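Working notes for the structure below.
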Amino acid sequence: MKTKRVIRPMVLLLALTAPAAAFADQPDSTAAGCERQFDIAQRIDMESFRDYDADTFRAIHADNAVTIFASGAVRYGIDSIMLTLASHFQNREAIWRWTELYRNVEGCKTAYILYDTVYEIPSIGFRQNARVGVTYTHDGNGWLGVADQSTRLP
C-alpha cells in the first residue's frame, strides 16, 4: 500500500524559496541547486493534484498561468484554472498517475517537463491517457508553473 504524502503550504514555501543568491558565490552550484529546486517543484505540482491539495496546487502556479486541456479548452489565469478543476479537488475520487518522459531545465530561468498521464474516475467509467507538457519559470525565489498543455492519446 502506497503511503499518501500530504504537503502543506508552509512546506511548499520552504521548499521553493531557497534564494538563487545563496548560490551566487558558487557558479557550479547554481545550476545544480536550481535543478534540485525544480525537481521538488514539479513533484509538488503533480502530487498536490493527485492528493487533492488545492491550496498547494494553486501556490505552485503563476497568477497568469495558462492551461490547455486535452479537450482543447483553454483557461487563462490560475483563478480560471482552479474554477475548472474545482470538481477534481472537491469530489476526491479521481486517480492521477504520471510517468516522466522528458525534462529540460535552463539554469534558474525556465524548465519544461513532459509526462505520460492517466486520469481516471472509476465511478463513471472515465479514463483518459494524455501527454502533458508543463513549462515553469523561475521568479527569483522559486519555480512556478506558467503553461500546461495536454494532448489526448488513444
Side-chain angles (χ1 to χ4, degrees), residues 1-13 15-18 20 31 34-154:
M1 183 172 151
K2 190 172 185 179
T3 303
K4 183 176 174 181
R5 193 174 100 194
V6 178
I7 300 170
R8 302 285 176 227
M10 187 53 147
V11 173
L12 171 68
L13 180 65
L16 298 178
T17 56
C34 282
E35 285 185 34
R36 281 191 304 276
Q37 195 179 46
F38 173 71
D39 189 55
I40 293 167
Q42 64 81 27
R43 200 168 51 245
I44 289 170
D45 186 7
M46 300 301 279
E47 291 176 359
S48 65
F49 187 73
R50 177 198 66 198
D51 297 342
Y52 314 109
D53 185 345
D55 292 336
T56 299
F57 185 81
R58 175 186 280 277
I60 197 73
H61 290 85
D63 289 342
N64 63 347
V66 61
T67 292
I68 305 170
F69 292 94
S71 66
V74 181
R75 298 296 180 265
Y76 300 97
I78 192 61
D79 290 337
S80 180
I81 295 166
M82 295 303 293
L83 185 61
T84 301
L85 296 175
S87 65
H88 167 81
F89 292 107
Q90 291 167 357
N91 296 342
R92 298 176 164 261
E93 63 178 323
I95 300 167
W96 174 241
R97 296 186 311 270
W98 65 94
T99 302
E100 181 179 325
L101 301 175
Y102 172 83
R103 84 168 52 189
N104 182 42
V105 181
E106 296 291 328
C108 288
K109 296 178 184 172
T110 64
Y112 176 82
I113 195 161
L114 179 66
Y115 302 100
D116 181 54
T117 67
V118 176
Y119 186 81
E120 294 180 279
I121 305 174
S123 66
I124 61 170
F126 180 82
R127 183 180 193 281
Q128 178 179 279
N129 181 237
R131 291 279 156 73
V132 177
V134 185
T135 302
Y136 295 83
T137 188
H138 196 283
D139 70 355
N141 292 312
W143 292 100
L144 295 172
V146 293
D148 180 317
Q149 182 171 354
S150 299
T151 302
R152 188 174 310 200
L153 298 175

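Values in this document were obtained by computation on a predicted structure and should not be read as measured data.
Within a 6.0 Å radius of CG in Asp63, other residues, nucleotides and ligands contribute 12 heavy atoms or fewer. Counting non-hydrogen atoms of other residues, nucleotides and ligands closer than 6.0 Å to OH of Tyr112 gives a total above 12.
Outside the 6.0 Å centre-distance limit, the rings of Trp143 and Tyr136 are not counted as a close aromatic pair. In this structure, the ring of His88 has its center less than 6.0 angstrom from the ring center of Phe49.
One distance of note links CG of Asn104 with CD of Glu35; it measures 9.0 Å at 0.5 Å rounding. Atom CD of Gln42 is separated from atom CD of Gln37 by 12.5 Å, given to the nearest 0.5 angstrom. Distance OG1/Thr99 to CG/Asp116: 5.5 Å, rounded to 0.5 Å. Atom CG of residue Leu144 and atom OG1 of residue Thr135 lie 13.0 Å apart, to the nearest 0.5 angstrom. To the nearest 0.5 Å, the span separating OG1 on Thr137 from CD on Glu106 amounts to 12.0 Å.
Thr67 places none of its side-chain heavy atoms less than 4.5 Å from the side chain of His61. Taking 4.5 Å as the limit, some side-chain heavy atom of Ile113 sits within range of a side-chain heavy atom of Glu100. Looking at Trp98 and Glu47, their side chains come closer than 4.5 Å, going by heavy atoms from C-beta outward.
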Legend entry - Stepwise side chain to side chain contact (heavy atoms under 4.5 Å, CB included) test for Arg75 and Leu85: CA-CA 10 Å; Arg75 298 296 180 265; Leu85 296 175; over 6 Å; no
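Across Ala94 and Ile121, no two heavy atoms sit closer than the pair CB-CG1, 4.0 Å. Closest approach of Phe57 to Met82, counting heavy atoms only: CD2-SD, 3.6 Å. In this structure, Asn141 and His138 approach most closely via the heavy-atom pair N-CE1, 3.7 Å. Nearest heavy-atom pair, Ala65 versus Gly145, reported as atom, atom and distance to 0.1 Å: CB-O, 3.7 Å. The nearest pair of heavy atoms linking Pro122 to Ile95 is CG-CD1, 3.7 Å. The minimum heavy-atom distance linking Phe89 with Ser48 is given by the pair CE2-O, 4.0 Å.
Between Arg58 and the choices Asp45, Asp53, Asp79, the salt bridge (charged side-chain N to carboxylate O under 4.0 Å, His left out) rule is met once, by Asp79. Tested against Tyr115 for a side chain to side chain contact (heavy atoms under 4.5 Å, CB included), the candidates Arg97, Met46, Arg103 yield a single pass: Met46.
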Distance-only donor-acceptor hits, side chain of residues 146-154, under 3.5 Å, sequence neighbours excluded:
unit_1: Arg152; atom_1: NH2; unit_2: Gln128; atom_2: OE1; d: 3.2

